[in-house]
Amino acid sequence: MEVRTVEGGFIGAGLRIGIVVARFNDLLTEELLKGALDCFERHGVERVDVVKVPGSFEIPLVAKRMAESGRYDAILALGAVVRGETKHFDLVANEVAKGVAKVSLDTGVPVIFGVITVEDELQGFNRAGVKSNKGFEYAMTALEMANLMKRFKERE
């Protein structure tokens with residue numbers, strides 16, 4: 001039996017990366033963005049296009065437009081949804097997750113879900129830079145998926 005394994009890598013050279021980031025909860029989203037950009041720079045990505053949207057709910061629409069443009073090997077969706085006193089948190093978090101997944105499946109472009117959903121701002125700060133920066137981790141996922149999809153194209 002022959003087994004062939006296909007995996008992505010973390011080489012950024014030659015990749016075209018787009019980021020769509022929410023301005024709402026910008027104390028958190030700006031830190032996620034800094035972490036992502038740090039990751040891309042360290043891995044040799046030469047250019048990253050950053051598009052800012054009002055809030056996390058608007059991310060899927062812009063991510064779809066970016067994916068359909070054919071200009072990006074991967075798109076990183078960054079946002080922060082902080083639980084409040086109403087059901088708004090659940091509605092936004094669920095719809096953003098479904099929307100991002102749909103864009104990726106519909107277009108074939110990896111769209112990485114980098115929207116943190118947290119109970120309070122302290123938990124958000126821990127995920128956006130105090131203890132670790134999830135933006136860096138999400139960017140690593142974008143690199144790996146972009147490289148994996150390129151390998152599939154090479155095999156066609």
Side-chain angles (χ1 to χ4, degrees), residues 8 10 12 14-150:
F10 301 105
L15 291 181
R16 301 167 302 162
I17 303 291
I19 299 176
V20 56
V21 59
R23 285 193 316 266
F24 196 79
N25 290 319
D26 64 340
L27 288 174
L28 302 174
T29 62
E30 285 297 317
E31 292 303 313
L32 293 171
L33 179 60
K34 287 177 191 173
L37 293 173
D38 179 38
C39 174
F40 291 141
E41 184 174 16
R42 289 178 190 226
H43 287 86
V45 177
E46 295 173 11
R47 178 179 169 182
V48 177
D49 292 340
V50 177
V51 178
K52 294 191 176 188
V53 296
S56 292
F57 194 81
E58 291 75 30
I59 288 172
L61 177 62
V62 173
K64 181 178 181 192
R65 179 63 59 95
M66 293 172 79
E68 290 174 341
S69 75
R71 286 183 269 178
Y72 303 102
D73 296 304
I75 297 164
L76 177 54
L78 296 175
V81 183
V82 180
R83 186 177 297 282
E85 297 176 5
T86 67
K87 290 188 176 270
H88 189 253
F89 169 90
D90 297 312
L91 295 172
V92 171
N94 289 333
E95 292 307 311
V96 174
K98 285 192 275 186
V100 167
K102 184 170 178 14
V103 171
S104 196
L105 291 171
D106 288 352
T107 64
V109 176
V111 182
I112 308 309
F113 184 73
V115 178
I116 59 172
T117 54
V118 295
E119 296 298 318
D120 54 44
E121 287 184 342
L122 179 60
Q123 195 178 63
F125 291 130
N126 287 336
R127 292 191 176 153
V130 174
K131 287 187 178 179
S132 68
N133 191 309
K134 292 293 184 186
F136 193 99
E137 293 177 32
Y138 299 139
M140 290 292 288
T141 302
L143 290 173
E144 186 172 2
M145 287 301 296
N147 281 293
L148 179 61
M149 298 307 286
K150 280 187 172 241

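Position 1 is the first residue of the sequence; numbering continues from there.
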dist Thr141:OG1 -> Phe113:CZ (nearest 0.5 Å) comes out at 12.5 Å
(Q) Side chains of Val100 and Val115, heavy atoms from C-beta outward: is any pair under 4.5 Å? (A) no
ask   = Checking Asp120 side chain against Gln123 main chain: does a donor-acceptor pair fall under 3.5 Å?
value = yes
Can you tell me if CG on Leu91 sees more than 12 non-hydrogen neighbours from other groups inside 6.0 Å? yes
Give a yes or no on whether the backbone of Ala80 and the side-chain of Asn25 come within a donor-acceptor separation of less than 3.5 Å. yes
Closest heavy-atom pair, Ala128 versus Glu31, reported as atoms and distance to 0.1 Å, is O-CB, 2.9 Å
Paired with Glu68, the side chain to side chain contact (heavy atoms under 4.5 Å, CB included) test is passed by just one of Val103, Thr107, Val109, Asp106, namely Thr107
Rounding to 0.5 Å, atoms CG (Asn94) and OG1 (Thr117) come to a distance of 9.5 Å
Item to complete: Please confirm whether the backbone N or O of Val92 pairs with a side-chain atom of Glu95, one donor and one acceptor, at under 3.5 Å?
Response: no
Exercise. Does the Thr29 side chain pair with the main chain of Val21, one donor and one acceptor, at a distance under 3.5 Å?
Worked result: no
When every non-hydrogen atom of Asp73 is compared with those of Gly14, the smallest separation belongs to OD2-O, 3.9 Å
Rounded to the nearest 0.5 angstrom, the CD-CG distance for Glu121 and Asn126 is 12.0 Å
Any heavy-atom pair between the side chains of Leu143 and Phe40 that's under 4.5 Å?
yes
Tightest non-hydrogen contact, residues Pro110 and Ala146, listed as CG-N, 4.3 Å
query = Less than 4.5 Å apart, any side-chain heavy atom of Leu15 and any of Lys150?
reply = yes
TODO: Would you please test Leu61 and Glu58 for side-chain contact (heavy atoms from CB on, under 4.5 Å) and show each step?
DONE: CA-CA 6 Å; Leu61 177 62; Glu58 291 75 30; 6.0 Å; no
- Query: Leu32 versus Lys134: any side-chain heavy-atom pair under 4.5 Å?
  - Reply: yes
In terms of heavy-atom contacts, Gly79 and Ser56 come closest through CA-OG, 3.6 Å
_Verdict with supporting geometry, Ile19 and Leu33, side-chain contact (heavy atoms from CB on, under 4.5 Å)_ = CA-CA 8 Å; Ile19 299 176; Leu33 179 60; 3.8 Å; yes
Please evaluate residues His43 and Cys39 with respect to the criterion side-chain contact (heavy atoms from CB on, under 4.5 Å), reporting the C-alpha separation (whole Å), side-chain torsions for both, the decisive distance (0.1 Å), and the verdict. CA-CA 6 Å; His43 287 86; Cys39 174; 3.8 Å; yes
Rounding to 0.5 Å, atoms OH (Tyr72) and CD1 (Ile17) come to a distance of 10.5 Å
Open item on the list: Counting only heavy atoms not in Phe24 (residues, nucleotides, ligands), do more than 12 fall under 6.0 Å from its CZ?
Closed with: no
Exercise. Above 12 or not: heavy atoms from other molecules or residues under 6.0 Å from OH of Tyr138?
Worked result: yes
Here the gap from Lys52 atom NZ to Ile59 atom CD1, rounded to the nearest 0.5 Å, amounts to 12.5 Å
Is Lys34 salt-bridged to Asp38, going by a charged N under 4.0 Å from an acidic O?
-> no
The reported gap from CG in Asn133 to CZ in Arg127 (rounded to nearest 0.5 angstrom) is 12.5 Å
Are side-chain heavy atoms of Leu78 and Ile116 found at a separation under 4.5 Å? no
Test item: Met66 and Val51 side chains (from C-beta on) under 4.5 Å apart, heavy atoms = yes
- prompt: Can we say Asp49 and Arg16 salt-bridge, meaning some charged N sits less than 4.0 Å from an Asp/Glu carboxylate O?
  reply: no
| query | Can you find a pair of side-chain heavy atoms, one from Glu137 and one from Ser132, that are under 4.5 Å apart? | reply | yes
Answer yes or no: is there a side-chain heavy-atom contact under 4.5 Å between Asn147 and Phe10?
no
